[in-house]
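Quick note on labels: first sequence line is chain A, next is B, and so on, each numbered from 1. Below, each value reflects all heavy atoms present in this structure, side chains not excepted, and no hydrogens, waters or symmetry copies.
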Amino acid sequence: MDFNLSDERRMLQETARRMIRETYPIEKRHDFARSEKGFSADIWRDFAELGLVGALLPAQAGGYGGTGEDIALVFEEVGRGLVVEPFLATAILGAWPLCEAGGAEAGDAGTLEAVIEGRHLLALAHGEPGSRYSLAQVKTQATESGGIWRISGVKSVVLNGDTADDLIVSARIAGAAEAQDGLALFRVDPKDEGVARRSYALIDGGAAADITLGEAIGTPIGAPGEAYPVIERTIARAALAAAAQALGAMEAAKDLTLDFLKTRTQFGKPIGANQVLQHRMVDMLIEIEQLRSCVMLAASTLEAGRETRERNVSAAKHLAGRVGRQVAEEVIQMHGGVGMTWELAAPHYAKRIVMIDHLFGDTDHHLERFIHFSKGAA
Amino acid sequence: MDFNLSDERRMLQETARRMIRETYPIEKRHDFARSEKGFSADIWRDFAELGLVGALLPAQAGGYGGTGEDIALVFEEVGRGLVVEPFLATAILGAWPLCEAGGAEAGDAGTLEAVIEGRHLLALAHGEPGSRYSLAQVKTQATESGGIWRISGVKSVVLNGDTADDLIVSARIAGAAEAQDGLALFRVDPKDEGVARRSYALIDGGAAADITLGEAIGTPIGAPGEAYPVIERTIARAALAAAAQALGAMEAAKDLTLDFLKTRTQFGKPIGANQVLQHRMVDMLIEIEQLRSCVMLAASTLEAGRETRERNVSAAKHLAGRVGRQVAEEVIQMHGGVGMTWELAAPHYAKRIVMIDHLFGDTDHHLERFIHFSKGAA
Amino acid sequence: MELSYTQDEIAFRDEVRAWLAKRLSKRLVNKVRKAQRLTKADYKEWHALLVERGWMAWHWPVEHGGTGWTPVQKHIFEEEMIAAGAPRIIPFGVNMLGPVLIEFGSQAQKDYYLPRILNDEDWWAQGYSEPGAGSDLASLKTSAVRDGGDYVVNGQKTWTTLAHFANRIFCLVRTGPDAPKPQQGISFLLMEMDTPGIEVRPIYTLEGEHEVNEVFFSDVRVPVENLVGEENQGWTIAKYLLNYERTGIAGVGFSKQSLGALRKIAQTEQKDGRPLADDPHFAARIARLEIDLLAMEIFNLRVVAAAGEGKLPGAESSLLKIKGTQVRQEATDLMRRAVGPYAAPDLPEAFDEGWNGQAPGPDYALPLARGYFNMRKTSIYGGSNEIQRNIVAKHLLGF
Amino acid sequence: MELSYTQDEIAFRDEVRAWLAKRLSKRLVNKVRKAQRLTKADYKEWHALLVERGWMAWHWPVEHGGTGWTPVQKHIFEEEMIAAGAPRIIPFGVNMLGPVLIEFGSQAQKDYYLPRILNDEDWWAQGYSEPGAGSDLASLKTSAVRDGGDYVVNGQKTWTTLAHFANRIFCLVRTGPDAPKPQQGISFLLMEMDTPGIEVRPIYTLEGEHEVNEVFFSDVRVPVENLVGEENQGWTIAKYLLNYERTGIAGVGFSKQSLGALRKIAQTEQKDGRPLADDPHFAARIARLEIDLLAMEIFNLRVVAAAGEGKLPGAESSLLKIKGTQVRQEATDLMRRAVGPYAAPDLPEAFDEGWNGQAPGPDYALPLARGYFNMRKTSIYGGSNEIQRNIVAKHLLGF
């Protein structure tokens, strides 16, 4: 049993933390987050050069990491820094289907190399209006004719969908609207005339897009009809990343709040002299440590069998949502009036923490999923 | 809109409160609760003489009350005094089916007169092994032959079942095990050779019995096969009574705790000087006021239509369970070590409050029931 | 005990309801329902209706042009306004300064200001909070120094709601810097916003909205006649207002509105091909909220009814404030949950009246995350819930 | 990072597991599983096995006859004992007094008492708490006044677990009544229970059980040789013990046992004709508990592993204590809920070994309400959760 990071990982952690701390003050972050792209292309290339994208991908894809531990580690720092660059969209959601299904092909290897170098952006267009958090509910249709696949449907809230150089699109080639069988993934050129993108900002910073596909041409990734396991594993990675990101954001928000409680005075003493606030901080601390433990567990079993992987990822994501609400609300409440303002960093952390619950399944969704994958363990 | 008690009810409340406070110290209560009967027959007669039984029954049954408001009022005092005498078993669970279904008949009128005078005890034998909190799940069978009804089955945790002079027994004459149709109520003489009773104490004081019926002879109450509405209304009254009892117990327990916090010192100051305990007391206070409001609402609509009655009773009973756990646990926790001892009254209140959640449906059961009866209100 | 309204109260409710149905414009209701930004003109339109009907000063006694309503009537009026989708009545003039002037103002002040409030001629702002003196008003620093016939005011106020719409402001200022206790040296002063030396700067909230402001005072000269009450009597006035009857503090009407909207959303949103409202977990969340609200409504009415019998709600207001904000916040939490991924898109332009674009998801989803974050303020302003608990601990529990 | 046990640790676990399977009697396991009252003879039987195997002093260093186990091994040992259904090891001699004597005892004390603990010849009780000095040990009043070669002890101890089984007791007593700080005048004293003037009176818990006691001291003469450490050094010793490595403080093993039992019960109990475990609300309650426990197990192992690297867990123990008791209490709460009406019957006689009656409901239901109420103590004893939060606020958060 060993809870310590290896030397390589410790270095990766320190690199990421330092770079984010030094180059990413909150004002610049807001500028990036509110820009048209929703992030900074320059900073993204800097992150890539430091190896933070490659750390999220396995060797066979040209990366140098990609384990659960790597993902948790990088995304904890992403969360701590309130980073809006497209780590999730490009390095997890976009790249992993390529790694898994087509990593060996020359074409994809070139793409992944460009991804790792920060030159190529991806997005996963999977969710649809009404699909909520269901992974299998796909109504977008793909049909083949003369060796050409054409895709039609609507994809919603595609993270960084507007700026992606390639879209990874899920579509149904057979089966009922909620069947796991019959799904396929395609690479779609966003400049295809059958692709219409509509971009918008997200409330916690960054951008997403709704994408309408009308007979858009797609290149299959992996065997059409058998994409569900790839989607499930990709979303498991993304959910772990989101939980780790929430953890990092909570740590930072907790530290800011602690600092505020110690320095801001009211009725002639620091606010933190109030025992109730101290005890509530302790309760936050406990739950953050619980979340950290659960993220570690999910990270360490990300490459395990399906039941274990899904169960532990759902435990972590459930807890991220449950603890997240508590922490976000306490952070605002303990800051008082200034906790409601744009000016401070703390409320932006609160927004990010809460909105992570809307990514890849909320706390209720993952509790149900945990129950489902626990049946065997009873 | 008027939240004040009428003069008559205020007098009833004062009478009950004074009598219970003066004649019912906690040591005597323990003696009653741990006696073989589980209560004091003498005290029961005193209560009846004061009119506290009659207040729970309507005029047509010889009583002088019986509205939701009367029930809530008396049971709040029963809860405040941690009373173990068979108010629930006799005056609500036993008497109301007679009132509703057979109150006009001469035989039952005599019984009810004796009940009101404290000379006759009743018990409702309805729950069965495995029926949990379901009202319709009755496996006990009744069959008629030559004008004689014979009843066979097992009834569990029958409140005051061992000391009842008459048993009111539910049984099925038709339909599937969980159907609402096909239920009947019978009056059964507990001395019938087909009746075997096994008595035991309850963890929060008082006694109950498991009752095995083997071809026991029963007299129908109301029309056999159509008893479900009577059972439902009776249990609604009982659930309201239980919620009001929980409310009274919580008020008393809260007062004891407040007193303890102000008088017991630690680290050189009263325990109550701790701001965290003050704030937690305030949270208790809020929830107790919420419960009080909900009990008032359920009481005022007890005679309304089925949906309104059941919905509001379930709201109150749900809240009694939810708030009850919080209050009971805080009461023990705030008392510290002595909160774990037999000697103090506070932990006995905590036990009563928690165990009320096991009567007539717990907090989850009533939340579901509330949802069910809210469908029309959306 | 009778938990329903009397015939008279029902008649009153119907009168209010009918009036609102007739007079309140669909345009305004639509903006309120869509959580769009209300302009100064919107508020003025709404206030004008109230003025016309004689209900502007709905909190005041009859002799000053008010309605003389009972607490129950006031409660009904508030509920009906909210249910009808009316904008809120800006309270600073009519509900705050008005009662203060009636109690403490000079005859000249009453004669001048009260009619202007009654006719909605002034837009008042409230200058209480300062940076570092939010819940702790006694530590405020803005100073007013007597110089001839004027006070010269220097300092800063914050959280000044809609000060950018206001032409007047009432402020607590420090006139007695050497008073033995900090709350003894405070006075209550009226100012015009266009007095030289007053500057309003916006504060942007965490959703990026401009609703509150900072107001800076540098050498602002205010005539001595604008002092309300005695010099250094400001604390008494502030406390009078704090204890002033507040029927709407629990926000029951708002929560009922939210709950109704939530139920509709949960019926519309799908989860695995069925309405979200049928999901046992979500249904349980809604039901718990609904039960809390059901109880709180009775709790609130109990306090209102007691006020009608002359029992001033003291710490009970604090209990209602705490529970009320918990319920309101929970309602907005469930709304953002209900719409799943569609809670995330943020289109600030969609909250302007002119916008006729298409929301990424369902229309109703757009304001929900904003609403959730915005509603966090309710447990902070007007005395945070922590302050409220301190008050209850002291006054109701005797700690 | 590697969250699983090493090969060596797995081998150790298997060794412990095999030994327990072989040596622990079915009779004892049965009593533990049924929550029956354990007699003194039961504990002695279990202790004798440990003595025989050389694992009695599992917490001690090798040089004093202990096991020298790593924190991870200790953790494994505790988990396996609980999983096997072993009684608890009475900690007062072996886990509390032993380490104190090793650190502070005289050579004579070590020579005499340590072997007797190793061989389970003494049953020690702990005399710390007093009425009015539970969490606040510094205010204790039991006095020890020097008189020739003896201390004369007067006063009262309380919450003395199983003192009615003990032949010896270690006590904190006040020897320096005039010390400038109250914690400076305290000493650590060993006594024999049959010394004249010592009287043990039972305290009955809220379930009516006798597990703890009051111990009264009137003019009890204790030889000066029975002082451990220096006179007035008692506070240092008490604090040493408080910070002494506590691997089991989170009670993960107990909670895992409870969770397993709970899942079985929920599979057996029926709700509307289906297993309760399939009810979405109950399933969600169990799942939330399970996730909390899953997380806490890793959290606990992180602290254990850090201890193995020499990092003494300080305030982390407090975090684990708080969360640990919350989880244990939640587990017992769900168990009593699970059995519905059958939680209510109480048959005190059913918890004696001889009882072979029939429970009113299912066998497993009988101890559940008792277990729920009994488990409330875990957030009170050993420093209440409020005290733990104070400790964390001070030491981890720097308030």
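Residues D:N374 and B:M340 approach most closely at O-CE, 3.5 Å, considering heavy atoms. Shown here for D:P345 and B:V157, the closest heavy-atom pair between the two residues is CG-CG2, 4.4 Å. Looking at every heavy atom in both residues, B:R198 comes nearest to D:L347 through NH2-CD2, 3.5 Å. Looking at every heavy atom in both residues, B:D210 comes nearest to D:P360 through OD2-O, 3.2 Å.
Residues B:V354 and D:R336 are in side-chain contact: their nearest non-hydrogen atoms beyond the backbone lie under 4.5 Å apart. Counting heavy atoms from C-beta on, the side chains of D:K271 and B:E368 come closer than 4.5 Å. Residues B:S156 and D:Y342 meet the side-chain proximity criterion, which asks for heavy atoms closer than 4.5 Å. At least one side-chain heavy atom of D:F373 sits under 4.5 Å from a side-chain heavy atom of B:M355.
Proximity to chain D (any heavy atom under 4.5 Å) is restricted, for B:T363, to the side chain, taken from C-beta onward. Proximity to chain D (any heavy atom under 4.5 Å) is shown, for B:A208, by neither the backbone nor the side chain. Heavy atoms of D:V212 lying under 4.5 Å from chain B are absent altogether. Neither the backbone nor the side chain of D:A284 comes within less than 4.5 Å of any heavy atom in chain B. Using a 4.5 Å cut-off between heavy atoms, B:L359 makes no contact with chain D at all. In this structure, chain B has a heavy atom under 4.5 Å from the side chain of D:I387, while its backbone stays farther away. Proximity to chain B (any heavy atom under 4.5 Å) is shown, for D:T205, by both the backbone and the side chain. In this structure, no portion of D:A350 lies under 4.5 Å from any heavy atom of chain B. Contact of B:Y133 with chain D is made through the side chain alone, with heavy-atom distances under 4.5 Å.
Taking a 6.0 Å sphere around CG of D:D278, one finds it holds more than 12 heavy atoms contributed by other residues, nucleotides or ligands. Residue B:K262 places its NZ atom among more than 12 non-hydrogen atoms of other residues, nucleotides or ligands, all under 6.0 Å distant. Within 6.0 Å of NZ on B:K37 lie no more than 12 heavy atoms contributed by other residues, nucleotides or ligands. Counting non-hydrogen atoms of neighbouring residues, nucleotides and ligands closer than 6.0 angstrom, the CD atom of B:E36 reaches no more than 12 such neighbours.
Contacts with chain B were tallied for D:L206, D:I380, D:D272; D:L206 has the most, counting heavy-atom pairs under 4.5 Å. Note: B:R280 leads B:E343, B:H365, B:R280 in heavy-atom pairs under 4.5 Å with chain D. Counting heavy-atom pairs under 4.5 Å between each of D:R376, D:Q270, D:E207 and chain B puts D:R376 at the top. Interface summary for chain D: among B:L277, B:L367, B:I332, the most heavy-atom pairs under 4.5 angstrom belong to B:I332. In terms of heavy-atom pairs under 4.5 Å with chain D, the best-connected choice from B:A328, B:A207, B:G337 is B:G337. Ranked by heavy-atom pairs under 4.5 Å with chain B, the first of D:E209, D:R285, D:E269 is D:R285.
No hydrogens or angles considered: nothing links the side chains of B:H358 and D:R337 as a donor-acceptor pair under 3.5 Å. Between the side chains of D:Q329 and B:E329, no donor-acceptor pair is found at a separation under 3.5 Å. D:S384 and B:Q333 share no side-chain donor-acceptor pair at under 3.5 Å. Donor-acceptor pairing under 3.5 Å is lacking for the side chains of D:Y204 and B:T341.
Using a 4.0 Å cut-off between a side-chain N of Lys or Arg and a carboxylate O of Asp or Glu, D:E330 and B:R325 qualify as a salt bridge.
Atom CD in B:Q266 sits 9.5 Å away from atom CD in D:E386 (nearest 0.5 Å). Taken from CG in D:L276 to CZ in B:R132, the straight-line distance is 4.5 Å, to the nearest 0.5 Å.
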Where do D:Y372 and B:I203 land on the side-chain contact (heavy atoms from CB on, under 4.5 Å) test, with the steps shown first? CA-CA 11 Å; D:Y372 164 77; B:I203 192 152; over 6 Å; no
